[in-house]
Amino acid sequence: MARGGRAAGVSMAHLLGIALVVLVVAAMAQVARGGGGGHDYGMALSKSILYFEAQRSGVLPGSQRITWRANSGLADGKANGVDLVGGYYDAGDNVKFGLPMAFTVTMMAWSVIEYGEEMAAAGELGHAVEAIKWGTDYFAKAHPEPNVLYAEVGDGDSDHNCWQRPEDMTTSRQAYRLDPQNPGSDLAGETAAAMAAASLVFRSSNPGYADQLLQHSKQLFDFADKYRGRYDNSITVARNYYGSFSGYGDELLWASAWLYQASDDRRYLDYLANNADALGGTGWSINQFGWDVKYPGVQILAAKFLLQGKAGEHAGVLQGYRRKADFFACSCLGKDAADNVGRTPGGMLYHQRWNNIQFVTSASFLLAVYSDHLAGGAVRCSGGGGAVAGAAELLAFAKSQVDYILGSNPRGTSYMVGYGAVYPRQAHHRGSSIASIRASPSFVSCREGYASWYGRRGGNPNLLDGAVVGGPDEHDDFADERNNYEQTEAATYNNAPLMGILARLAAGHGARARGRLGQSLQHGIAANHTSLPHGANHQHASPVEIEQKATASWEKDGRTYHRYAVTVSNRSPAGGKTVEELHIGIGKLYGPVWGLEKAARYGYVLPSWTPSLPAGESAAFVYVHAAPPADVWVTGYKLV
């Protein structure tokens, strides 16, 4: 948090100087290891950070602990006249995708900002900071001019036709860049967020470096905001791998929130508040947080500012953000009236078959952070007659999800490679699945990799220690097979938020007692909060209103069918704002819908000939089924 106009950061030297606090936290960590759910959270934390060393591109340092890896990608950027050596491979391939890499670094930095003390007590803070710097050093290279950002090196199409160690790469290493003619507000915004968050990590220990990161962040944010556009429209080769389905509004808000936290500059808070409607921050109700969708992260950051008394004149708007943060928490806990996250029979949050665990680790981290900043308070849910969930309940649920990942599940399988007795042995990962170049220096071609290694029976020759794989399906089933990439491929953005919640759990599961470092990070919290009462009404209530009624009924084949008409209205006053990008959720629907189109990712949208709702206007749709009225709600919108 900010102090005297400068952001207080995480300093290893400072941590070593507060021996009493560290000893107390270390003692708590020993208790956590010995009891609770029977998991060694400290060991899991160490492994979760170690994994990033397997994903490094570039010249590996002498301190490299994953010794089966070697230097790779040493000519990256050369053809473009820029040095792009370094950074991270995103998952089991050899491409450097900018969007997931930037999100990974943001989440690593946030983990350290929140739980740096706990990492220090576990002996892992130095490794975590090193992992962050590996990413930010690369981003500094990739941002050679204020309005230029190199967004990707390599492409998924050529890479996925090849099974090679990164040290042997013969695939394209073309670099793709964003500039005013080829904008990418989402990727530039996420990279700005990563640099701002990382500047907080280095603020005390390396202030000169922190200043450089903050300067990069400010330039990238201005670039993203001034030259607006989706990055995958400029770099189409990324679309099939990391398409920006949510657009760039969430990243612009996300970057402004991090810049406010890092700089204490009120213009970024003004941006967060003044664009809350237009960019969807207080319009979107989303229960999924990851490399594409940042809204829940923005909403919890904004709620944190509110709880810290840092909202000022924007308390009303930030209260709107907080309500969306409460929706996220309630939806995860299964306490929302209409839109709860699904769960497997074993209790894991479930969104999708392909790499579902990425959403489990990110949700667990957000719930832990929100729990800690609620300081004993509660969230209010729309289901069950105004149900509430206390801070302890949020943390307990987050812990249950981490325990599931570590092996407390129906299969008894740990989904972290190298942790526990039973874990994936055939991770979908090129470098792990082919003999190390140190042990077998002979060149492995694309075709040889597929012929000799990809389909090979048995475990991988190199342990991808600490990697968290995609995980089981909706039935808790899992097939440990290398070609089962939906379940056995790990990714950096699976691990980045997990390292934070693991540090939290390693220090104990009860209410968090912050030490001196925690107090310094929280410096600036006002004694008297300026937030509104949580349930208070204010001028930023949603202008979108939904009304539905049954208009006809008839009998067929012994069943009674009903036709329901639904009207969606923009209740903004005349001359007010227009609702755009309106997304509608429908639950308990057992028949066809007319008048809406299925959205690419989230529920339904208005038909293409009615893309928006001006103030005072309405749109209608109908559905038919043999059941009571369906649950209909607004998932998200923007006001412009």
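Below, each value reflects all heavy atoms present in this structure, side chains not excepted, and no hydrogens, waters or symmetry copies. Just so you know, these numbers come straight off a predicted model, no measurement behind them. Along the sequence shown, the residues carry numbers beginning at 1.
Remark: Ile501 CD1 to Ser362 OG distance equals 11.5 Å, nearest 0.5 Å. Interatomic distance, CD of Gln308 versus CZ of Phe305, reported as 7.0 Å (0.5 Å rounding). The CG atom of Asp372 sits 12.0 Å away from atom CG of Leu307, with the distance rounded to the nearest 0.5 Å. Rounding to the nearest 0.5 Å places CE of Met499 at 11.0 Å from OG of Ser46. Within the model, atoms NE2 of His373 and CG of Leu301 stand 9.0 Å from one another, a figure rounded to the nearest 0.5 Å. Atom OG1 in Thr136 sits 8.5 Å away from atom CE in Met108 (nearest 0.5 Å).
If you look at Tyr485 and Trp354, their ring centroids are closer than 6.0 Å. Taking the six-membered ring for Trp, Tyr415 and Phe478 have ring centres closer than 6.0 Å. Note: Phe103 and Tyr493 fail the aromatic proximity criterion, with ring centroids not under 6.0 Å apart. Between Trp291 and Tyr242, a ring centre-to-centre spacing shorter than 6.0 Å is recorded.
Looking at residues two or more places apart in sequence or on another chain, you find no ring pair (Phe, Tyr, Trp, His ring centres under 6.0 Å) involving Tyr321. Judged as a disulfide (SG to SG under 2.5 Å), and not counting sequence neighbours, Cys332 has no contacts. Partners of Arg430 under the side-chain hydrogen bond (donor to acceptor under 3.5 Å, both in side chains) rule, at least two apart in sequence or in another chain, do not exist in this structure. Scored by the ring pair (Phe, Tyr, Trp, His ring centres under 6.0 Å) test, Tyr350 finds no partners at all (sequence neighbours excluded). Evaluation of the side-chain hydrogen bond (donor to acceptor under 3.5 Å, both in side chains) rule for Thr492 yields Thr104 as partners, not counting sequence neighbours. By the ring pair (Phe, Tyr, Trp, His ring centres under 6.0 Å) test, His160 pairs with Tyr241, sequence neighbours left out. Applying the side-chain hydrogen bond (donor to acceptor under 3.5 Å, both in side chains) test to His428 and every residue at least two apart in sequence or in another chain returns nothing. The ring pair (Phe, Tyr, Trp, His ring centres under 6.0 Å) test applied to Tyr89 returns no partner, not counting sequence neighbours. With sequence neighbours excluded, the residues satisfying salt bridge (charged side-chain N to carboxylate O under 4.0 Å, His left out) with Glu167 are Arg69.
Using cut-offs of 30° and 60° on the angle between ring planes, the pair Tyr41 and His39 is tilted. Below 30°, between 30° and 60°, or above 60°: for Tyr450 and Trp163 the angle between ring planes is between 30° and 60°, a tilted geometry.
Listed for the Ser408 side chain is no donor-acceptor partner under 3.5 Å among the backbone atoms of Tyr404. The backbone N or O of Ala479 lies less than 3.5 Å from a partner atom in the side chain of Asn484, making a donor-acceptor pair. Of the possible donor and acceptor atoms, none in the side chain of Thr413 sits under 3.5 Å from a partner among the backbone N and O of Val422. Under a 3.5 Å cut-off, the side chain of Asn356 and the backbone N or O of Leu349 do form a donor-acceptor pair. Not one N or O on the side chain of Tyr138 forms a donor-acceptor pair closer than 3.5 Å with the backbone of Gly58.
At least one side-chain heavy atom of Leu502 sits under 4.5 Å from a side-chain heavy atom of Met416. Considering only heavy atoms from C-beta on, His351 comes within 4.5 Å of Val341 through its side chain. By the 4.5 Å heavy-atom criterion applied to side chains, Ile113 and Gln261 are counted as neighbours. Counting heavy atoms from C-beta outward, Arg65 and Leu50 have side chains that approach closer than 4.5 Å. The closest side-chain heavy-atom distance from Pro296 to Leu366 is below 4.5 Å. Two residues are said to be in side-chain contact when any heavy atoms from C-beta on lie closer than 4.5 Å; Trp68 and Leu464 meet this criterion. The shortest side-chain heavy-atom distance between Leu395 and Leu367 does not fall under the 4.5 Å cut-off. Here the side chains of Met43 and Tyr419 are in contact, with some heavy-atom distance below 4.5 Å.
A donor-acceptor contact closer than 3.5 angstrom is absent between the side chains of Asn340 and Ser331. A donor and an acceptor atom, one from each side chain of Ser246 and Asp292, are located under 3.5 Å apart. For the residue pair Asn460/Arg482, the side-chain donor-acceptor check at 3.5 Å is satisfied.
Listed here is the closest heavy atom pair of Ala435 and Pro461: N-CG, 3.8 Å. Nearest heavy-atom pair, Val469 versus Val417, reported as atom, atom and distance to 0.1 Å: CG1-CG2, 4.1 Å. Nearest heavy atoms, Glu489 versus Gly92: OE2-N, 2.9 Å.
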Candidate pair Val379 and Cys330, rule side chain to side chain contact (heavy atoms under 4.5 Å, CB included), full reasoning:
CA-CA 8 Å; Val379 300; Cys330 295; 4.0 Å; yes

Side chain to side chain contact (heavy atoms under 4.5 Å, CB included) evaluation trace for Tyr370 with Leu394:
CA-CA 8 Å; Tyr370 201 18; Leu394 269 64; 4.0 Å; yes

side-chain hydrogen bond (donor to acceptor under 3.5 Å, both in side chains) between Glu190 and Thr106: does it pass, once the steps are laid out?
CA-CA 8 Å; Glu190 182 61 62; Thr106 307; 2.7 Å; yes

Decide yes or no on side chain to side chain contact (heavy atoms under 4.5 Å, CB included) for Ser111 and Phe365, but give the supporting numbers first.
CA-CA 8 Å; Ser111 292; Phe365 176 80; 3.7 Å; yes

Given Tyr295 and Phe289, is the ring-ring contact (aromatic ring centres under 6.0 Å, His included) satisfied, shown in steps?
CA-CA 7 Å; Tyr295 284 117; Phe289 174 58; over 10 Å; no

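A salt bridge (Lys or Arg N to Asp or Glu O under 4.0 Å) check over residues 490-503, counting only residues at least two apart or in different chains, returns nothing. Within the structure, salt bridge (Lys or Arg N to Asp or Glu O under 4.0 Å) contacts touching residues 119-137 (residues at least two apart or in different chains) are Arg56-Glu130, Lys133-Asp137. Applying the salt bridge (Lys or Arg N to Asp or Glu O under 4.0 Å) rule to pairs touching residues 454-480 yields Lys47-Asp465, Arg353-Asp473, sequence neighbours excluded.
Salt bridge present: Glu114 and Lys304 bring a charged side-chain N and a carboxylate O closer than 4.0 Å.
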